[in-house]
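One structure is given below, encoded as structure tokens.
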Amino acid sequence: MDVEEMATSLARRMAGGDPRAADVAAARAALAELGVAGLVARLELAERILRTGSAFHLISRFFVDGSEEQRYLLELEAEGR
């Protein structure tokens, strides 16, 4: 997740797909106002914590087999390999 990529994509959408009319600064400001950058930073931190914890003990085993939580953790573990 890259906030700058999000801003660029949002600017293009706001401009109706015309890259010349895209105002990336306005899109970046909108994302900042919505707290997206902070949310992304917190999510990245949480994922690092989960990966580190899983290095010691598979956290996914704490959840019911097939649950949404377990699937998420297994995907996260697979990404870290």
Side-chain angles (χ1 to χ4, degrees):
M1 282 180 257
D2 184 299
V3 177
E4 198 57 34
E5 287 179 21
M6 290 179 193
T8 301
S9 178
L10 178 59
R12 285 186 186 138
R13 273 193 174 271
M14 289 169 39
D18 182 359
R20 295 169 295 159
D23 186 349
V24 177
R28 192 180 301 116
L31 291 174
E33 188 175 321
L34 292 169
V36 172
L39 180 61
V40 168
R42 291 175 71 100
L43 180 58
E44 288 172 345
L45 175 62
E47 287 184 347
R48 282 195 306 276
I49 291 167
L50 290 170
R51 281 192 193 100
T52 301
S54 285
F56 295 100
H57 183 78
L58 292 178
I59 297 171
S60 59
R61 291 185 182 184
F62 290 112
F63 295 92
V64 174
D65 287 344
S67 67
E68 183 179 349
E69 295 86 355
Q70 187 183 57
R71 281 192 302 274
Y72 173 77
L73 290 165
L74 290 172
E75 289 172 11
L76 193 61
E77 291 167 15
E79 288 174 10
R81 291 183 200 156

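Note: hydrogens, waters and symmetry copies are ignored here, and every other heavy atom, side chains too, is used. Numbering starts at 1 and runs along the sequence shown.
- The cluster map of Ile, Leu, Val, Met, Phe, Trp and Tyr, joined by side-chain heavy atoms under 4.5 Å apart, puts V24 and L31 in different clusters.
- Screening residues 33-43 for side-chain hydrogen bond (donor to acceptor under 3.5 Å, both in side chains) gives no qualifying pairs among residues at least two apart or on separate chains.
- Residues satisfying the side chain to side chain donor-acceptor pair (under 3.5 Å) test with D2, not counting sequence neighbours, are none.
- In this structure, the separation between CZ on F63 and CD on E68 is 11.0 Å, given to the nearest 0.5 Å.
- To the nearest 0.5 Å, atom CD1 of residue I59 and atom NE2 of residue H57 are 8.5 Å apart.
- For A37, the side-chain contact (heavy atoms from CB on, under 4.5 Å) test picks out V3, with sequence neighbours left out.
- Residues F62 and E69 have side chains not in contact (no heavy-atom distance under 4.5 Å, counting atoms from C-beta outward).
- When the side chain to side chain donor-acceptor pair (under 3.5 Å) test is applied to E4, the partners found at least two apart in sequence or on another chain are R28.
- Linking Ile, Leu, Val, Met, Phe, Trp and Tyr whenever their side-chain heavy atoms come within less than 4.5 Å leaves L58 and V64 in two separate clusters.
- With sequence neighbours excluded, the residues that form a side-chain contact (heavy atoms from CB on, under 4.5 Å) with T52 are F56.
- You'll find the side chain of L43 stays beyond 4.5 Å of the side chain of L39, heavy atoms only.
- Partners of R51 by salt bridge (Lys or Arg N to Asp or Glu O under 4.0 Å), not counting sequence neighbours, listed by chain and number: E79.
- With hydrogens and angles ignored, the 3.5 Å screen pairs a side-chain donor or acceptor of S54 with a backbone N or O of L50.
- Other residues sharing a hydrophobic cluster with I49 under the 4.5 Å side-chain heavy-atom criterion for ILVMFWY residues are L45.
- E47 is linked by a salt bridge (Lys or Arg N to Asp or Glu O under 4.0 Å) to nothing, counting only residues two or more places apart in sequence or in another chain.
- In plain terms, the two heavy atoms of Q70 and S60 that are nearest each other are NE2-O, 3.3 Å.
- By the side-chain contact (heavy atoms from CB on, under 4.5 Å) test, A21 is found to be paired with A15, D18, residues two or more places apart in sequence or in another chain being considered.
- Closest non-hydrogen pair, L10 versus A30, comes out as CD2-CB, 4.5 Å.
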